[in-house]
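Every number for a ligand or one of its atoms is a count from 1 in the order of the listing. All values below come from the heavy atoms of this structure, side chains included, with hydrogens, waters and symmetry mates left out.
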Amino acid sequence: MQNVTIVDHPLVQHKLTLMRDKGTSTASFRRLLREIALLLSYEVMHDLKLTLTRIETPLAPVDAPILEGKKPVFASILRAGNGLLEGMLDLVPSARVAHIGIYRDPESLEAVEYYFKAPEDLADRLVIVVDPMLATANSASAAIEKLKERGAHNIRFVCLLAAPEGIERFHTAQPDIPIYTAAIDEYLNDHGYIVPGLGDAGDRLYGTK
Ligand code: PRP
Ligand code: URA
């Protein structure tokens, strides 16, 4: 599938299976999401630009690589995006963070926005949007529209699970944005849930149901 990277590392797939299991506790679900985020980050940032800096090791001076340019922005779609965000910040603690409050209306499945706070210089940074679930793609697309309005143009989207229908709709609405996911599931059910999926990511992450 064009513009979609499936991160099929065995550790990702193993942890994802544990997360799908309905018997997995809230504490384990949260820890696993944080761990998988680290592994997904590795893939989504594989091509970050490097520059050389002069340092001295205990033995000798050396020109060694460090990340070039401004720190990336991790844009979390609340609530469940925060589960991925934590792991990504473990790996890149100096990243900037945007919070985008969006929930899905349970009847219409339309995205409802309730909060937005992001760094002002989005145009100058790589923006990595995170949300574990890409179902209808309404939430992801609304979040990306908002980021684009605020100047972001170098954007990537990271999730854990995607529905084929969501990927298609996402590509139609946001053809320029690459998707990174751990798996593409079978289908969306009549209530907009990914099947087999893992249920409601926010509820499982925060124990609200
Ligand atoms: C979930 C999930 C995504 C959205 C995906 O959030 O975290 O944001 O659904 O569905 P979509 O692709 O059809 O838009 P939810 O609306 O349940 O909000 P919550 O994280 O606050 O529980
Ligand atoms: N949101 C979720 O949390 N789970 C789904 O399966 C679909 C949307």
Selection from Ala137, Gly202, Ala140 by shortest heavy-atom distance to atom 12 (O) of ligand 1: Ala137
CD (Glu168) with more than 12 external heavy atoms under 6.0 Å: no
Protein residue, atom and distance nearest to atom 17 (O) of ligand 1, heavy-atom basis: Asp200 OD2, 3.8 Å
Distance from atom 22 (O) of ligand 1 to nearest protein heavy atom, with residue and atom: Arg79 NH2, 2.9 Å
CA sep, side-chain torsions, deciding dist, call: Asp47, Arg156, salt bridge (charged side-chain N to carboxylate O under 4.0 Å, His left out): CA-CA 12 Å; Asp47 58 350; Arg156 300 173 185 186; 2.9 Å; yes
Residue shell around ligand 2, heavy atom under 4.0 angstrom: Arg104, Met133, Ala135, Gly192, Tyr193, Ile194, Gly199, Asp200, Ala201
Region of Leu109 engaging ligand 1 - heavy atom pairs below 4.0 Å: neither
Straight-line distance of Glu86 CD to Leu38 CG, nearest 0.5 Å: 11.5 Å
Ring-face cation of Arg104 near Tyr193 (centre distance under 6.0 Å, axis angle within 45°): yes
Enclosure of Lys70 NZ (heavy-atom neighbours >12, cutoff 6.0 Å): yes
Reported CG-to-CG distance for the pair Leu18 and Leu33, which is rounded to 0.5 angstrom: 12.5 Å
Working for salt bridge (charged side-chain N to carboxylate O under 4.0 Å, His left out), residues Asp90 and Arg34: CA-CA 9 Å; Asp90 286 343; Arg34 191 173 181 142; 2.9 Å; yes
N or O contact, Ala135 vs ligand 1, cut-off under 3.5 Å: yes
Expected output: side-chain His153 to main-chain Ala123 donor-acceptor under 3.5 Å: yes
Atom 5 (C) of ligand 1: the protein heavy-atom neighbour that sits closest, reported with distance to 0.1 Å: Met133 O, 3.5 Å
Identity and distance of the protein heavy atom lying nearest atom 10 (O) of ligand 1: Arg104 CD, 3.2 Å
Check: Phe170 ring centroid to Phe157 ring centroid under 6.0 Å: yes
Protein contact of atom 14 (O) of ligand 1 - nearest heavy atom, named by residue and atom, plus distance: Ser139 OG, 2.6 Å
Shared hydrophobic cluster for Phe29 and Leu16 (ILVMFWY, side-chain gaps under 4.5 Å): yes
Heavy atom of protein closer than 4.0 angstrom to atom 2 (C) of ligand 1: yes
Identity of the nearest option to atom 11 (P) of ligand 1, non-hydrogen atoms only, from Val112, Ile194, Thr136: Thr136
N/O donor-acceptor pair under 3.5 Å between Asp121 side chain and Asp124 backbone: no
Protein heavy atom at shortest distance from atom 7 (O) of ligand 1: Asp131 OD1, 2.9 Å
